[in-house]
Amino acid sequence: MPETMEYDVVIVGAGPAGLTAAIRLRQLSQTISVCVLEKGSEVGAHILSGAVLEPRALNELIPDWKEKGAPLTVPAAEDRFLFLTKSKAFQLPTPPQMHNKGNYIISLGNFCKWLAGQAEALGVQIFPGFPAADLILENGRVAGVITGEFGVGKDGSHKASYQPGMEIRGKYTLFAEGCRGSLSERLMKQFNLRDGAGPQTYGIGIKELWEIDPAKHKPGLTIHSVGWPLDNKTYGGSFLYHAENNKVAVGFVVGLDYENPSLDPFQEFQRFKTHPAIAGFFDGARRICYGARALNEGGFQSIPKLTFPGGALIGDSAGFINVPKVKGTHTAMKSAMLAAEALVRCQMLDVRGQKEDGLSEYPEMLRMSWVYDELHKARNIRPGFHFGLIPGLIHAAIDTYIFRGWAPWTFRNHADYKQLRKAAQCPKIVYPKPDGKLTFDRMSSVFLSSTNHEEDQPCHLTLKDAKIPIAINLSEYDAPEQRYCPAGVYEIVRDNAAPRLQINAQNCVHCKTCDIKDPTQNIVWKTPEGGGGPNYSGM
């Protein structure tokens with residue numbers, strides 16, 4: 001029998017939402033036992049975001065955060081919004097949603113480490129390096145999770161270091177896995193949580209952290225851009241945030257509903273940095289860290305049902321990002337606070353399985369909150385770009401300045417993987433070779449993510465049908481997995497002229513793009529052995 005630990009509330013994921021829920025639960029009741037499971041080697045190891053933080057939810061959660069040393073030290077000071085052509089940059093009026101007065105440029109990983117300290121001071125138990133690998137289902141109810149095994153060899157045998165998974169049982173379980181969480185996706189299917197909701201749509205965000213010349217550093221400067229190097233049909237854009245200590249976070253987001261299978265988001269990011277309006281920031285600079293992560297872009301119309309017997313989805317597991325605002329941490333945190341408040345308000349924590357209303361108030365509380373209002377007003381901006389960049393910008397202006405988010409229509413989202421066209425129908429995109437100073441290859445980039453997986457373990461990236469990568473993906477789409485993966489995990493190898501797909505799982509930065517964009521939905525992402533993956537520093 002596996003070892004068992006029992007808590008009132010089990011939280012899966014030590015990101016902003018998971019830690020916020022834990023803090024709020026203990027603030028409201030010191031008798032509630034709470035644990036948080038985190039698959040990264042430490043809190044913050046797998047956290048990646050731009051990031052500019054709107055402190056609205058933090059002000060509600062911990063009003064004296066300044067006195068408690070929260071790592072919010074660089075107020076946003078200047079906003080620039082650029083439209084790029086290949087050689088020129090045109091500064092446009094910054095949309096109201098992107099005004100950052102009162103916000104802070106932060107490292108989200110460092111912020112989560114600070115939140116973890118606040119949670120532990122309140123008596124929350126946090127277990128990093130323990131991925132939640134499976135659900136405990138009893139009588140149609142989630143009764144907790146099972147952590148991943150340690151010490152399993154590639155062949156499935158138990159090594160000398162083998163440790164079985166543990167049952168972490170809770171009267172309620174909150175899932176805060178972030179975008180495309182593996183257990184969250186299972187729960188949506190198990191309990192039909194997506195019934196009545198539109199399909200989720202995603203972007204892939206790729207980020208580098210640089211240390212630049214102090215003479216070029218402007219603390220608090222935020223720059224966003226649209227346009228080049230993407231074509232007018234492809235949604236995406238950049239961010240460049242001047243943080244503390246001469247650090248600059250630069251990144252690029254590509255909507256995963258792009259059509260051309262030869263498009264390479266990693267290479268588009270590298271090209272972006274060469275633009276005359278951008279490259280000058282990096283003269284004499286040093287690249288420090290690299291990472292990538294998928295992000296939810298579906299917004300209001302893609303939010304699933306939030307509760308199920310025994311638990312709920314919170315944060316980006318459900319998809320609360322405000323895309324036009326380019327922020328989601330504040331909405332994720334608020335959703336977590338509301339779920340915690342619903343649990344305590346219903347006072348159901350001492351009754352297991354007697355009633356199913358312990359979280360029943362959570363969806364209605366969310367609907368009455370500022371999160372619902374904010375996402376509802378922003379609902380049409382991202383899908384408006386399905387018509388192209390220029391129509392999307394025009395519609396965004398009409399929606400923002402004329403209708404103010406209250407247009408009498410709601411656009412629908414579409415499933416990203418269905419948008420990919422056959423390779424023969426699209427022009428081939430040829431990318432320049434990296435120079436090793438401003439632009440780089442994948443492997444040197446992955447090295448800077450400090451990604452590591454125990455090599456002698458089962459591959460956490462599996463195929464439903466081993467024939468599909470060659471029979472369909474290669475023959476019809478020119479193997480797009482070689483390009484949409486920002487870490488070089490997928491490689492077509494030709495041995496004696498017979499192509500085969502090689503999966504370099506040790507490179508995986510846990511971005512989840514393959515799980516989203518694969519045109520046949522043949523790739524399944526599972527949690528690897530605990531502690532594996534990137535170890536981001538300052539991201």
Side-chain angles (χ1 to χ4, degrees), residues 44 47-52 71 73-82 84 86-89 91 100 104-110 204-230 236-254 264-293 326 431-451 486-488 509 534-539:
I47 295 295
L48 182 73
S49 183
V52 175
T73 59
V74 181
E78 179 187 354
D79 296 313
R80 298 180 191 170
F81 182 56
L82 306 179
L84 302 183
K86 188 172 183 179
S87 59
K88 296 183 179 180
Q91 186 162 343
N100 283 304
Y104 294 83
I105 296 174
I106 69 167
S107 157
L108 192 61
N110 289 344
I204 172 63
I206 303 172
K207 177 184 175 181
E208 293 173 347
L209 187 65
W210 289 68
E211 184 177 13
I212 70 168
D213 182 346
K216 299 177 183 294
H217 187 240
K218 299 180 179 180
L221 174 61
T222 72
I223 300 175
H224 294 93
S225 77
V226 295
W228 190 87
L230 298 176
S238 75
F239 63 86
L240 194 150
Y241 303 147
H242 286 240
E244 58 189 351
N245 300 324
N246 302 318
K247 302 293 194 307
V248 166
V250 58
F252 202 78
V253 177
V254 177
D264 186 325
F266 174 86
Q267 295 286 7
E268 296 292 341
F269 173 42
Q270 301 305 314
R271 282 209 297 175
F272 157 75
K273 290 184 293 177
T274 68
H275 193 279
I278 303 299
F281 285 112
F282 302 103
D283 289 341
R286 179 173 67 95
R287 192 172 66 142
I288 298 171
C289 196
Y290 166 86
R293 187 70 170 95
V326 201
Y431 295 98
K433 293 183 179 180
D435 61 18
K437 297 179 180 179
L438 180 60
T439 60
F440 302 90
D441 60 40
R442 275 176 167 79
M443 290 305 96
S444 65
S445 299
V446 173
F447 177 78
L448 289 180
S449 71
S450 299
T451 294
V509 295
N535 278 279
Y536 295 132
S537 177
M539 297 283 268

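From a predicted model like this one, the values you see are computed outputs, not experimental measurements.
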Using side-chain heavy atoms (C-beta onward) and a distance below 4.5 Å, is T73 in contact with Y104? no

Closest heavy-atom contact between S225 and S238? OG-OG, 2.5 Å

Using the six-membered ring wherever Trp is involved, compare the ring planes of H275 and W228 and label them parallel, tilted or perpendicular (cut-offs 30° and 60°). tilted

Separation between CG (L48) and OG (S107), nearest 0.5 Å, reads 9.5 Å

Testing the basics here: between L438 and A279, what is the closest heavy-atom pair and its distance to 0.1 Å? CD2-CB, 3.9 Å

Show the numbers, then the answer: is there a side chain to side chain contact (heavy atoms under 4.5 Å, CB included) between T439 and T274? CA-CA 8 Å; T439 60; T274 68; 3.7 Å; yes

Straight-line distance of I47 CD1 to L108 CG, nearest 0.5 Å: 5.5 Å

Spatial distance of atom CD1 (I223) from atom CZ (R80) [nearest 0.5 Å]: 5.0 Å

Does any N or O in the side chain of K207 come within less than 3.5 Å of the main-chain N or O of S49, such that one atom is a donor and the other an acceptor? yes

Under the 3.5 angstrom rule, does the side chain of H217 hit a backbone N or O of E244 as a donor-acceptor pair? no

Using a 4.5 Å cut-off on heavy atoms from C-beta on, say whether the side chain of S449 contacts that of Y536. yes

Which label fits F266 and Y290: parallel for a plane angle under 30°, tilted from 30 to 60°, or perpendicular past 60°? perpendicular

Expected output: side-chain Q270 to main-chain F440 donor-acceptor under 3.5 Å: yes

Would a 4.5 Å heavy-atom cut-off, applied to side chains only, mark W210 and L240 as touching? no

Side-chain donor or acceptor of D213 paired with backbone N/O of A215 under 3.5 Å: yes

Distance-only, no hydrogens or angles: does the R271 side chain make a donor-acceptor pair with backbone N or O of P229 under 3.5 Å? yes

Are any of the side-chain heavy atoms of F281 and V248 separated by less than 4.5 Å? no

Mind checking whether Y431 and D264 have side chains closer than 4.5 Å, heavy atoms only? yes

Could you pull out the closest heavy-atom pair between A89 and L84, with the gap in Å? CB-CD2, 3.5 Å

Which heavy atom in P265 sits nearest to a heavy atom in V254, and how many Å separate them? CB-CG2, 4.0 Å

To the nearest 0.5 Å, what is the distance between OG1 (T222) and CD (E78)? 8.0 Å

Option among V253, I204, I206 that satisfies the side-chain contact (heavy atoms from CB on, under 4.5 Å) test with F269: I206

Is there a side chain to side chain contact (heavy atoms under 4.5 Å, CB included) between L230 and F272 once you walk through the steps? CA-CA 9 Å; L230 298 176; F272 157 75; over 6 Å; no

Quick one: pull up CD1 in I288 and CD in E211 and give me the separation to the nearest 0.5 Å. 5.0 Å

E208 CD to M539 CE distance, which is reported to the nearest 0.5 Å: 8.0 Å

Check the orientation of Y241 and H224. Use parallel for under 30°, tilted for 30 to 60°, and perpendicular for over 60°. perpendicular

If you look at every heavy atom in K247 and L209, which pair is closest and at what distance? CB-CD1, 4.3 Å

